[in-house]
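Just so it is clear: chains get the letters A, B, ... in the order the sequence lines come, proteins before strands, and each one is counted from 1.
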There are 2 protein chains.
Amino acid sequence: MKQDFQQILRGLNLKSTPKRVVLLEVLDDESVYLSPEDIWNRMKKRFRRLGLPTVYRNLEELYAGGVISRVIHPNRQLYYYLCRNEEHHHHFICVSCRRVVDVSFCAEKELQDVVREGIQGKVLSHILQINGLCRHCLQKDGAVHAY
Amino acid sequence: MKQDFQQILRGLNLKSTPKRVVLLEVLDDESVYLSPEDIWNRMKKRFRRLGLPTVYRNLEELYAGGVISRVIHPNRQLYYYLCRNEEHHHHFICVSCRRVVDVSFCAEKELQDVVREGIQGKVLSHILQINGLCRHCLQKDGAVHAY
DNA sequence: TGATAAATAGAAACAGTTTTCATTTAAGGA
DNA sequence: TCCTTAAATGAAAACTGTTTCTATTTATCA
């Protein structure tokens, strides 16, 4: 586990520091999306001193390295971070409880076709994110948290 | 045309001010996405005094009213705004020249199915955005602008 | 034309993020 | 194990984009 994280960090040519390992642990523990500050707060329980810039720096590096993934807030220009990112997939995010569920559906091929044929352009990346209410929040209807 | 914009504004219970009309004109003139500041700069050519907050307020109102649409920058947490938003569709954006092309393809039905069956949740909205290179930028390869 | 509510400018506040730089720490070699 | 070096970090400050506040201006409608 911890071993695992060390290997991941080595793989990115990043030193295996306690803070990086804990950052990965924090993300791995959660099934909801977390803001940089959320992550900072959780990590601070484990370190006497921890700067927010450290969190930002590491999120950036780990995201760039493809180890973690992120979603964009449904109606604010903010990123939220998620646990590990295995292979290409998209996310259903519950706008009420922040839960994230991986979605295997991906229209990549169709998008490629549409762009190649209709626009004669080339796809570099795509964002597909589904915002909605998860099963649990649907049941306690009305009790939907603001987001 | 200008008449048209007035009607749109009335339809949203917004007063038809010169600045709102010019904002819509500016967006309508462009086939590229514009940041709030881009829009401000273009609008300033027409007004001696124009505050950036006015641009933000109006973008927000018009977006909320469904009159304009926006995209998220492919790798920064920033919104960019686009000309009018007719009916539901998605955008191909060229990361080099910022050109935007409407894409009619939409996997809405599939998404609904996946979420209903796989997650037992409900879709409220979805983001589908294709980032890539348009035909023109593909041709002048190598000359791709930073973004 | 006048009254009223909405819209605006300008300044300031704000939130989230990034930079800077001095200090600390991990990793690899003696 | 100790030393060296480059990388990582903390703290403060800077920065960027956005929003709030308040007094003034303006569109709308009677």
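Under the 6.0 Å distance and 45° angle rule, A:R70 does not count as a cation-pi partner of A:Y33.
Proximity note for B:T17 (side chain, C-beta onward) versus D:dA8, D:dG10, D:dA27: the nearest is D:dA27. Relative to the side chain of A:R57, the nucleotides C:dA27, D:dG17, D:dA11 differ in distance, and D:dA11 lies closest. The side chain of B:N58 approaches C:dT8 more closely than any other nucleotide in the set D:dG17, D:dT20, C:dT8. Minimum atom distance to the side chain of A:E61 is reached by D:dA8, of the listed D:dA11, D:dA8, C:dA9. Of all nucleotides listed (D:dA27, C:dA26, C:dG16), D:dA27 comes nearest to the side chain of B:P18.
Heavy-atom nearest nucleotides on DNA chain C were determined for A:K15 and for A:L78, and the one closer to the 5' end corresponds to A:L78. The residue among A:R49 and B:Q77 whose nearest nucleotide of DNA chain D lies closer to the 5′ end is A:R49. Place B:P36 and B:R10 on DNA chain D by their nearest nucleotides, and B:P36 ends up nearer the 5' end.
For B:Y80 and B:H73, the distance between ring centers is under 6.0 angstrom.
OP1 or OP2 of D:dG10 sits under 4.0 Å from a side-chain N or O of A:K19.
Atom CG of B:L14 and atom C1' of D:dA27 are 12 Å apart (whole Å). Atom CZ of A:R76 is separated from atom C1' of C:dA15 by 9 Å (rounded to the nearest Å). In this structure, A:L59 atom CG and D:dA8 atom P are separated by 15 Å, rounded to whole Å. Rounded to a whole Å, the NE2 atom of B:H73 is 21 Å from the P atom of C:dG16. Rounded to whole Å, atom P of C:dG10 lies 10 Å from atom CH2 of B:W40. Atom CG in B:N41 sits about 12 Å away from atom P in D:dG17, given to the nearest Å. Here the P atom of nucleotide D:dA11 and the CG atom of A:L52 are 12 Å apart, to the nearest Å. One atom, CG of B:N13, and another, C1' of D:dA27, lie 14 Å apart when rounded to the nearest Å.
By the 4.5 Å heavy-atom criterion applied to side chains, B:I72 and B:Q129 are counted as neighbours.
Within the nucleic acid shown, B:S35 has no heavy atom closer than 4.0 Å to any nucleic acid atom.
Proximity of a side-chain donor or acceptor of A:H91 to a complementary backbone N or O of A:I93 within less than 3.5 Å is not detected.
Across every non-hydrogen atom of A:Y81 and A:P36, the tightest pair is CE1-CG, 4.2 Å.
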